[in-house]
Amino acid sequence: MNKDIATPIRTKEILKKYGFSFKKSLGQNFLIDTNILHRIVDFAELTEESGAIEIGPGIGALTEQLAKRSKKVTAFEIDQRLLPILADTLSPYQNVKIIHQDILKADVQQVISEEFAGIHDLMVVANLPYYVTTPIILKLLADRLPIRGIVCMLQKEVADRIAAKPGTKEYGSLSIAIQYYTEAETVMIVPKTVFMPQPNVDSAVIRLTKREKPLVEVKDEEFLFQVTRASFAQRRKTILNNLSSQLPSGKEKKEQIIEALEETGIDPTRRGETLTIEEFGRLSDALLGTFK
């Protein structure tokens, strides 16, 4: 008999037993397809010596598969109502720890040093709540955690933006912020039918492999991201118009912006979506003295 949590029958049984109702505000969509969970864990390439960090374990469907394939799993769950359910569904696994905390407020670095001492291969693997996917990924990367990478399920549209290449309509400041730290690839498209309740959109699994060092070397990382956000503020505008209207006192500093663009060999009439991360790196360094 299949005892896996992630089957429609077992999921319904667990929800009924605890009288659990989904909270839309928490973006709760539980996976009910074991094959897809196996594939997600495959993409994370875990071994018996690996540690896994999960975000939003729900009723433990993915947690269970991670527990079977790794040395230790630590999962962050924000919804207090799920804690007794997880204590029950994951009771067969001694290598799982649930932390009742919002990942965005957590000191993940501290948790890693306490929970994963002696474990040198660490992956984040999660079916992320869609309304908060981007801030979670950006926090995990900006915190410079000692992880090998992230494998996560998210809205397909967001996955497309994360993995986008220059010159495409999906490419933007999010693509740059994430590809600066990682190599990004969409590894699987997931239909909405494998979730309970069904979301309104298709999903994708993305794999982010952390780079040894960021893709470009810049003098000021925060300023690089400020420049890229400004460059994409209005996609139809040229890079010159966006920078002069979006950067602080940019209108008065238009001449200096033109000089920086010329100095880096970037035509001021180009649009932000045509610039590579390397070009943005050179440009932000050239503008730094003017704006900082």
Side-chain angles (χ1 to χ4, degrees), residues 5-6 26-46 50-67 69-70 73-79 82 96 98-99 101-104 106 108 111-112 116 121-164 170 174-175 177-192 194-195 199 201-211:
I5 294 166
L26 293 177
Q28 288 168 332
N29 302 93
F30 297 165
L31 265 164
I32 49 171
D33 185 317
T34 317
N35 291 330
I36 286 180
L37 288 169
H38 287 162
R39 289 190 65 196
I40 293 171
V41 179
D42 287 344
F43 288 124
E45 296 175 349
L46 301 170
S50 303
I53 296 171
E54 191 189 0
I55 298 144
I59 57 172
L62 176 59
T63 328
E64 169 180 64
Q65 305 302 332
L66 291 170
R69 303 267 284 276
S70 66
V73 185
T74 297
F76 290 86
E77 179 51 64
I78 197 170
D79 188 351
L82 287 164
V96 175
I98 306 293
I99 296 177
Q101 208 177 2
D102 178 350
I103 187 77
L104 290 172
V108 186
V111 169
I112 288 173
F116 295 103
D121 180 55
L122 198 53
M123 282 295 282
V124 175
V125 189
N127 170 19
L128 290 174
Y130 291 170
Y131 73 103
V132 76
T133 304
T134 306
I136 289 175
I137 294 175
L138 290 173
K139 172 192 160 72
L140 295 171
L141 297 176
D143 282 359
R144 292 281 208 269
L145 302 173
I147 56 175
R148 174 161 50 86
I150 301 171
V151 171
C152 62
M153 170 97 70
L154 68 182
Q155 209 169 317
K156 182 181 177 296
E157 181 200 337
V158 179
D160 290 344
R161 283 167 48 210
I162 286 174
E170 290 81 19
L174 179 64
S175 326
I178 292 180
Q179 291 176 36
Y180 172 79
Y181 294 112
T182 70
E183 284 181 52
E185 52 182 333
T186 300
V187 288
M188 179 164 70
I189 306 300
V190 182
K192 51 186 107 157
V194 299
F195 295 93
V201 293
D202 281 333
S203 303
V205 176
I206 196 157
R207 177 165 55 191
L208 307 174
T209 307
K210 217 168 86 174
R211 299 180 187 279

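Owing to the predicted nature of the structure, the values given are computational and were not obtained by experimental measurement.
- With hydrogens and angles disregarded, a donor-acceptor distance shorter than 3.5 Å links the side chain of R211 to the backbone of Q179.
- Between A52 and L122, the closest heavy-atom pair is N-CD1, 4.1 Å.
- Residues passing the salt bridge (Lys or Arg N to Asp or Glu O under 4.0 Å) test with D42 are R69, sequence neighbours excluded.
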Working for side chain to side chain contact (heavy atoms under 4.5 Å, CB included), residues I178 and T134: CA-CA 10 Å; I178 292 180; T134 306; 5.6 Å; no

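- Tested against M153 for a side chain to side chain contact (heavy atoms under 4.5 Å, CB included), the candidates L128, I206, I36 yield a single pass: I36.
- The closest side-chain heavy-atom distance from L141 to D143 is not below 4.5 Å.
- The backbone N or O of G58 lies less than 3.5 Å from a partner atom in the side chain of E77, making a donor-acceptor pair.
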Candidate pair L104 and K139, rule side chain to side chain contact (heavy atoms under 4.5 Å, CB included), full reasoning: CA-CA 7 Å; L104 290 172; K139 172 192 160 72; 4.1 Å; yes

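- Residues V205 and T186 have side chains not in contact (no heavy-atom distance under 4.5 Å, counting atoms from C-beta outward).
- Looking only at side-chain heavy atoms (C-beta outward), F76 and D102 stay at 4.5 Å or farther from each other.
- Checked by atom type, the side-chain pair E54/T63 shows a donor-acceptor distance below 3.5 Å.
- Note on R207 versus E185: salt bridge recorded, some NZ/NE/NH1/NH2 to OD/OE distance being below 4.0 Å.
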Side chain to side chain contact (heavy atoms under 4.5 Å, CB included) between V158 and L174, intermediate numbers included: CA-CA 9 Å; V158 179; L174 179 64; 4.2 Å; yes

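- Annotation: side chain of M188 is in contact with side chain of R39 (closest heavy-atom distance under 4.5 Å).
- In terms of heavy atoms, A44 sits closest to V151 at CA-CG2, 3.8 Å.
- The two residues S50 and D121 make their nearest non-hydrogen contact at OG-OD2, 2.7 Å.
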Evaluation steps, side chain to side chain contact (heavy atoms under 4.5 Å, CB included), between F195 and I32: CA-CA 6 Å; F195 295 93; I32 49 171; 5.8 Å; no

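- Contact of the I53 side chain with the M123 side chain is not registered, since no non-hydrogen atoms from C-beta on lie closer than 4.5 Å.
- Around CD of Q101, the count of heavy atoms belonging to other residues, nucleotides or ligands within 6.0 Å exceeds 12.
- Side-chain atoms of N29 do not come within 3.5 Å of backbone N or O of V194 as any donor-acceptor pair.
- Legend: residues meeting ring pair (Phe, Tyr, Trp, His ring centres under 6.0 Å) with Y180, ordered by chain and number and at least two apart, are F225.
- A salt bridge is absent between K156 and D202: the closest approach of a Lys/Arg side-chain nitrogen to an acidic carboxylate oxygen does not fall below 4.0 angstrom.
- S175 contributes a side-chain N or O that, together with a main-chain N or O of R161, makes up a donor-acceptor pair within less than 3.5 Å.
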